[in-house]
Amino acid sequence: MPQPPRHYLQFRDLGREEYAYLFERSRAIKARFLRYERYWPLQDRTLVMIFEKASTRTRLSFEAGMHQLGGAAIYLNTRDSQLGRGEPVEDAAQVISRMCDAVMIRTYEQSIIERFAQHSRVPVINGLTNEYHPCQALADIFTFIEHRGSIEGRTVAWIGDSNNVCNTWLQAAEVLGFHVHVSTPPGYEVEPERAGLLGTGHYAHFDDPMDAVRGADLVTTDVWTSMGFEAENEARRAAFQDWQVDAEMMRAARPDALFMHCLPAHRGEEVAADVIDGSQSVVWDEAANRMHTQKALLEYLLLGRVEDA
Ligand code: CP
Ligand code: NVA
């Protein structure tokens, strides 16, 4: 019997030891890329990327990453494939997974990607759902480690919407052993069940964002309105006015605190321009690391642990 494929649908799909391995592989793979050294462990392998929502970073990082690993990436969207015309997800999974070695999906409900994975013969990677964005947290935590060392025991302040990226930080805190201080406006609080939390006490809610950032090692935020929730735009803009990460908030964090944002950002809404463009911001490293960490993830899901130096 062939082994069932390993999927990456939410952050907790991998364990602490596996993350330690992936961060080490990300470092080695990135160093090799920066030296222009050819590394083709995925020669003749194909990644299919299915997008039901827009993307710049996710598409580019997976497509360039597959190319650099010696493989190929194929882009599909709902507009001009049968996926947008009502073909059952289960049927699509059966067919697509017979023609490629891995599938990355960006879609709406988490249940869609779970149904796809149940019927897939190859690993399925979550490229963002309404609930989670595990590839983002993978890159963000690698970026933190590059700049500040281990994240274990550190404090991350999440300011704004309790969205897919926030949920993923909360899962990551449980898996890797750090703390998240969350501040959201009333009515937009974390839903622990939707976030897939075990309830290990790794996050705390603060009504006042200034209290959440106090003493934090990392301050992070995201758009007030995520893709798929555009109808709530006006109400959210009003509700989130006091949840902009600004210079005063950064001063309340540790003096060496980093600022992160998964991007795309709206300066003057969730973050002030002088913060995202300021000296504590590592957003460009964060974006670039999407590619390096996903290359390590693809290598791991397709080949397992490798001996490569
Ligand atoms: N951060 C992120 O996932 O960006 P894209 O929407 O551009 O892929
Ligand atoms: N929370 C945002 C992240 C975009 C990368 C969204 O889902 O639109």
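Because the structure is a prediction, the values reported are computed rather than measured. Just follow the structure's listing: the first ligand is 1, and inside any ligand the first atom is 1.
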Trainee: Please could you name the atoms of ligand 2 that N163 approaches to less than 4.0 Å, counting only its heavy atoms?
Mentor: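 Near N163, the atoms of ligand 2 are 1 (N).
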Trainee: Would you mind listing which atoms of ligand 1 come within a distance below 4.0 Å of any non-hydrogen atom of T56?
Mentor: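 Selected atoms, number and element: 5 (P), 7 (O), 8 (O).
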Trainee: Please indicate whether any nitrogen or oxygen in P264 is less than 3.5 Å from any nitrogen or oxygen in ligand 1.
Mentor: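 P264 vs ligand 1: no N/O contact under 3.5 Å.
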Trainee: Donor-acceptor pair, T293 side chain versus N289 backbone, under 3.5 Å?
Mentor: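 Answer holds: yes.
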Trainee: Can you classify the ring geometry of H179 versus H202 as parallel (below 30°), tilted (30 to 60°) or perpendicular (above 60°)?
Mentor: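 The rings of H179 and H202 lie parallel, inter-plane angle below 30°.
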Trainee: Please state which protein non-hydrogen atom is closest to atom 2 (C) of ligand 1 and give its distance, to 0.1 Å?
Mentor: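 Residue, atom and distance for the closest contact: R290 NH1, 3.4 Å.
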Trainee: Can you tell me the protein heavy atom closest to atom 6 (O) of ligand 1 and the distance?
Mentor: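 Result: R106 NH1, 2.8 Å.
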Trainee: Between ligand 2 and T225, is the shortest N or O to N or O distance under 3.5 Å?
Mentor: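 No, no N or O pair falls under 3.5 Å.
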Trainee: Is the closest N or O pair between H133 and ligand 2 shorter than 3.5 Å?
Mentor: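 Looking only at distances, the answer is no, because the N/O contact criterion of under 3.5 Å is not met.
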Trainee: Can you sort out which atoms of ligand 2 are near M227, meaning under 4.0 Å from one of its heavy atoms?
Mentor: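 Taking each heavy atom of M227 in turn, ligand 2 has 6 (C), 7 (O), 8 (O) under 4.0 Å.
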Trainee: What distance do T78 atom OG1 and R85 atom CZ have between them, rounded to the nearest 0.5 Å?
Mentor: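 One finds 13.0 Å between OG1 of T78 and CZ of R85.
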Trainee: Got a donor-acceptor contact below 3.5 angstrom from the R27 side chain to the F23 backbone?
Mentor: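 Not a single qualifying donor-acceptor pair exists.
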Trainee: With the side chain counted from C-beta on, respond yes when R148 and R254 share a heavy-atom pair under 4.5 Å apart, and no when they do not.
Mentor: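 No, their side chains stay 4.5 Å or more apart.
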Trainee: With a cut-off of under 6.0 Å to the ring centre and 45° to the axis, is R305 in cation-pi contact with Y21?
Mentor: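 Checked: cation-pi criterion met.
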Trainee: What protein heavy atom sits nearest atom 4 (O) of ligand 1, and how far away is it?
Mentor: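 Checking every protein heavy atom, the shortest distance to atom 4 (O) of ligand 1 gives R57 NE, 2.8 Å.
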Trainee: With a 6.0 Å cut-off on the ring centroids, do Y75 and F51 count as close?
Mentor: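 Yes, ring centres under 6.0 Å apart.
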Trainee: Would a 4.5 Å heavy-atom cut-off, applied to side chains only, mark V223 and H266 as touching?
Mentor: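 Answer yes - side chains close enough.
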Trainee: Under 3.5 Å, side chain of T225 to main-chain N/O of E230, donor-acceptor pair present?
Mentor: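 No, T225 side chain to E230 backbone: no donor-acceptor pair under 3.5 Å.
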Trainee: Tell me which part of L263 gets within contact of ligand 1: side chain, backbone, both or neither, using heavy atoms under 4.0 Å.
Mentor: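 Just the backbone.
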Trainee: Taking both backbone and side-chain atoms of D222, is any N or O found less than 3.5 Å from an N or O belonging to ligand 2?
Mentor: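 By distance alone, the answer is yes.
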Trainee: So which bit of T58 gets within less than 4.0 Å of ligand 2, heavy atoms only: side chain, backbone, both or neither?
Mentor: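 Neither; nothing of T58 gets under 4.0 Å from ligand 2.
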Trainee: With atoms numbered from 1 as shown, which atoms in ligand 1 lie under 4.0 angstrom from a non-hydrogen atom of H133?
Mentor: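 Every atom of ligand 1 under 4.0 Å from some heavy atom of H133: 2 (C), 3 (O).
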Trainee: Determine whether T58 and R290 make a side-chain contact, defined as any pair of heavy atoms from C-beta on separated by less than 4.5 Å.
Mentor: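 T58 reaches R290 side chain to side chain.
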Trainee: At a non-hydrogen distance cut-off of under 4.0 Å, which region of D161 contacts ligand 2 (side chain, backbone, both, or neither)?
Mentor: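 The answer is neither.
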Trainee: Which residue and non-hydrogen atom of the protein lie closest to atom 7 (O) of ligand 2, and at what distance in Å?
Mentor: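 Result for atom 7 (O) of ligand 2: N164 ND2, 2.8 Å.
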Trainee: Show which atoms of ligand 2 fall inside a sub-4.0 Å distance from at least one heavy-atom site of L128.
Mentor: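 Numbered from 1, ligand 2 contributes 3 (C), 4 (C), 5 (C), 7 (O).
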Trainee: What are the atoms of ligand 2, with element, lying closer than 4.0 Å to any heavy atom of L263?
Mentor: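 Within the 4.0 Å cut-off of L263, ligand 2 contributes 5 (C).
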Trainee: Are F33 and H292 an aromatic pair by the rule of ring centers under 6.0 Å?
Mentor: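 Yes; H292 has its ring centre under 6.0 Å from that of F33.
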Trainee: Yes or no: does K53 have any heavy atom under 4.0 Å from an atom of ligand 1?
Mentor: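 Outside the 4.0 Å threshold, so no.
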